[in-house]
There are 2 protein chains.
Amino acid sequence: MIKCPKCLQIDFVQKAGITRGKQRYFCKDCDYHFTLPTPSATTENKRHHQVTIMDIAHQLGISKSTVSRALRGHSDIHEGTRKMILDLAQQLEYQPNPLANALLKSRTNIVGILVPEFRHYFFPTMIMGAQEVLSKAGYNVMICQSDESYETEMANVKALMSSRVDGLLVSVTAQTNNFDHFRAVLRKEVPMVFFNRVCPELETPQVIVDDYNGAFQAVEHLIAQGYRRIAHLAGPNSLLVSRLRLNGYRDALQKHGLPLDPDLVIHYDLSEEKARIYANYLLSLPQPPDAIFAINDPTAIEIMLVAKSRGVKIPQELGIVGFSNDPVSAIIEPSLTTIEQPVWEMGRQAAKLLLEQMEHPHNVTHTLPTKLIVRNSSVNLRP
Amino acid sequence: MIKCPKCLQIDFVQKAGITRGKQRYFCKDCDYHFTLPTPSATTENKRHHQVTIMDIAHQLGISKSTVSRALRGHSDIHEGTRKMILDLAQQLEYQPNPLANALLKSRTNIVGILVPEFRHYFFPTMIMGAQEVLSKAGYNVMICQSDESYETEMANVKALMSSRVDGLLVSVTAQTNNFDHFRAVLRKEVPMVFFNRVCPELETPQVIVDDYNGAFQAVEHLIAQGYRRIAHLAGPNSLLVSRLRLNGYRDALQKHGLPLDPDLVIHYDLSEEKARIYANYLLSLPQPPDAIFAINDPTAIEIMLVAKSRGVKIPQELGIVGFSNDPVSAIIEPSLTTIEQPVWEMGRQAAKLLLEQMEHPHNVTHTLPTKLIVRNSSVNLRP
DNA sequence: ATCAGTTTCGGGAAAGTTCCCGATAGTTTT
DNA sequence: AAAACTATCGGGAACTTTCCCGAAACTGAT
């Protein structure tokens, strides 16, 4: 019958219920419950196995500590032993398991990058700049895009945080008005740097360009070209860059004694469809503008396409200036006057700033310069 | 003097060397070596602490197993206990540590995506498609770009593998001729799916479009428009898509009885500079082509810019067809005829295929359809 | 031989989870 | 009331690495 594993007797063993489908026994003599071991456990389940520090230790008949020391380049080790270990490690293609390390030190060496989109030129380039310095510093990068959706942004922040990233590089969506999800990040003391679309009400370091002066220059250029009724297709008021560029626009008008017509300032959500709608709206006004300063190049390009489809001549009847110097702006006809910003450098600076934050947190704002690039979309031929 | 921690006597204690700067003692009576405990150990080092499953267990006076069961939604648990645990977890903002889980199960829930670049439309869109299905399946994404450099590609594969990604989505660089780094991935049995720029000599699943037929259609369209001397600015021979599109080009010429002039077929490395150089070269030939089929839209656009700068009229003197339907091709003037491929869908399919691979490996190739989009760059006005 | 000092190595804890399986207590059946 | 069963819980191993600290073995010097 059934033998008790304790006393090896069979006389006192009796059935004692079933647990998880398995017959359970009870030895009256030993006062001991037990089940029979499952036979499946006997099969040698090798499975796929990454080579570990223990494998090396066993093969060499030494302890894992010694192997770890050799691999990590510590000092308390014999030169011959180190060489032996290093050789075997290479031969076995040993790769340290970053998960164990991350668990132990609670750092993953991953930084998260959160952007609204990466269809256009700006964010991909920014990301490449950031990646350049981050990978050099030994960090991997996890990229999320919120698709200009506040909900997705929240979900992404959550996912990134649950992945235990060591830091965050963020550009918020056009519809983000509530910043609680970022406050949660701050509360967990995860370093975070905002770039481009920053968060002024949060005390975090940030990298921006001189949006105000860029916009100012752009509008002043239009005025110098003889345009007088200059509209501004602006971003949402929630974004600081929208407000700064709007201020630049407004002050340039004021400086040159031009009135600020509220009808000519339109805030929109940065979507392509809305850009087209508002471009059409502006051009249908009883007194349409003779120039438009667009919040960014994709917007400016949509305006140009609308204008062209309506037969409005650029730059004769409509001057246009964008912002960012998207490569497409040099390709489109007429080529688009724009404000260049050092996008790649922004990425680098943001990454550098993040690395600094990891060392010692401090609140700074880096502001990068902008530069007017005059092309054909704003050169008014009428003197 | 010094007291032995075992016998609490001082008579038998004597100095016994120094280890790491600390005086070491030996008790002759107990035959026991010891050092004095460092006083720094007394300071309570709380540090920053993520709330764990153990915190919940302690606060509730239950075991970690029970907490785990409640959180994972297992069955062996009382409904009241579960609720209590879930409530406290929410209150403490408990987030499970994915590192511990990953270490245990050796799965990170991260997939790596490796692309040559993401400045243009194609790869970002592809990535977004992939991300759509991957994030729905609970995976995070780690994106690397090789910058069309074989060395960077190797480094990226290594970094991704050392990050223990659960799978890999890859599009190789234009200069990749050696595939050993991918063989290493296969050897470690990490699922991998190639897309667009695939690796025919590796037995891996892949997602491509019907490059041959797309190219065939493109060239046949040019022929139908009356172009007779059609050049092909092709990609490097190492890429299958280059070869397939070249085949389509060649067969279309052959079908319509046009000669294949080797001088009109140029392989290049897909860099912008080379595109310009070869475009200039083609247009400077004693008998220049009257049309060019370009390997992709960015190439076609570079050709158009060169042609325009040389005063060559498109489409009258030069017909151009690209491949991919990059949004810019609709913006540029004249608008660019191109072969549309379902880029977003490619990303989705590749991701789906990867998820399938994780379940049960099987070698398949998904081929997606292409579609000719006729615009103005190829409509020959001469009948 | 005895002692101080040095070099090199090993053992064990810790990080946070999940999972296996045995252990209770309570409930129903015979 | 004994036997059989169910519901619920706890203990411990495992995943891989690093780090602390004690142990052993050695080198010279007395």
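A note on names: the letters A, B, ... follow the listed sequences, proteins ahead of strands, and every chain is numbered from 1. Not measured: the values here are computed from a predicted model.
- Considering every non-hydrogen atom in both A:Val141 and A:Ile143, the closest pair reads CG1-CG1, 3.5 Å.
- For DNA chain D, the residues of residues 65-79 of chain A within the heavy-atom distance limit of 4.0 Å (strictly under) are A:Ser65, A:Ser68, A:Arg72, A:His74, sorted by number.
- In this model, no donor atom of one side chain and acceptor atom of the other lie less than 3.5 Å apart for A:Gln23 and A:Thr35.
- Scanning all heavy atoms of the two residues, the minimum distance from B:Arg164 to B:Thr108 falls at O-OG1, 2.7 Å.
- With sequence neighbours left out, A:Met154 forms a side-chain contact (heavy atoms from CB on, under 4.5 Å) with A:Tyr150, A:His181.
- In this structure the side chain of A:Val51 never reaches within 4.5 angstrom of the side chain of A:Glu93, judged on heavy atoms.
- The minimum heavy-atom distance linking B:Gln145 with B:Thr152 is given by the pair O-CG2, 4.0 Å.
- Closest-nucleotide positions on DNA chain D for B:Leu103 and A:Gln23 were compared, and the one nearer the 5' end corresponds to A:Gln23.
- The residue among B:Val51 and A:Arg24 whose nearest nucleotide of DNA chain C lies closer to the 5′ end is B:Val51.
- Taking atom NZ of A:Lys105 as the reference point, atom P of C:dG16 lies 14 Å away to the nearest angstrom.
- Contact check of residues 80-91 of chain A against DNA chain D (heavy atom, cut-off under 4.0 Å) returns no residues at all.
- For residues 134-142 of chain B, proximity to DNA chain D is found at no residue, defined as any non-hydrogen atom under 4.0 angstrom from a strand atom.
- Among the atoms of the strands shown, only primed sugar atoms or phosphate atoms (P, OP1, OP2) are found under 4.0 Å from some heavy atom of A:Pro96.
- Taking atom CZ of A:Phe26 as the reference point, atom P of D:dC5 lies 16 Å away to the nearest angstrom.
- Scanning all heavy atoms of the two residues, the minimum distance from B:Ser162 to A:Gln95 falls at CB-NE2, 3.8 Å.
- Taking atom CG of A:Asn109 as the reference point, atom C1' of D:dT17 lies 14 Å away to the nearest angstrom.
- In this entry the distance linking CD1 of B:Ile53 with C1' of C:dC19 reads 12 Å, nearest Å.
- Recorded end-axis angle for the helix from C:dA1-D:dT30 to C:dT30-D:dA1 stands at 70°, based on five pairs per end and rounded to 10 degrees.
- For the pair A:Ala89 and A:Leu71, the tightest heavy-atom approach, listed with the atom from each and the gap, is CB-CD1, 4.2 Å.
- Residues A:Leu355 and A:Tyr139 are in side-chain contact: their nearest non-hydrogen atoms beyond the backbone lie under 4.5 Å apart.
- Minimum interatomic distance between A:Asn109 and A:Gly138 (heavy atoms only, all atoms of both residues): CB-O, 3.9 Å.
- Not a single side chain to side chain donor-acceptor pair (under 3.5 Å) links B:Ser65 to another residue, sequence neighbours left out.
- With contacts defined as side-chain heavy-atom distances shorter than 4.5 Å, the pair A:Val111/A:Leu168 does not qualify.
- As a whole-Å value, the separation of A:Asp55 CG from D:dC15 P is 10 Å.
- Note: A:Phe34 and A:Phe26 fail the aromatic proximity criterion, with ring centroids not under 6.0 Å apart.
- Between B:Thr52 and A:Ser63, the one whose closest nucleotide on DNA chain C sits nearer the 5' end is A:Ser63.
- Counting only N and O atoms by type, the side chains of B:Asn140 and A:Ser163 include a donor and acceptor under 3.5 Å apart.
- Rounded to whole angstrom, the span from the CZ atom of A:Phe34 across to the C1' atom of C:dA23 amounts to 14 Å.
- B:Tyr94 comes within 4.0 angstrom of the backbone, heavy atoms only, and of no base.
- Note on A:Gln50: every side-chain N or O is 4.0 Å or more away from OP1 and OP2 of D:dT16.
- Between the NZ atom of A:Lys64 and the P atom of C:dC9 there is a distance of 15 Å, rounded to whole Å.
- Between A:Leu104 atom CG and C:dG12 atom C1' the separation is 13 Å, expressed in whole Å.
- Heavy atoms of A:Ile62 sit under 4.0 angstrom from primed sugar atoms or phosphate atoms, though from no base atom.
- In summary, the side chains of A:Ser106 and B:Gln50 do not present any donor paired with an acceptor at a separation below 3.5 Å, with no hydrogens or angles considered.
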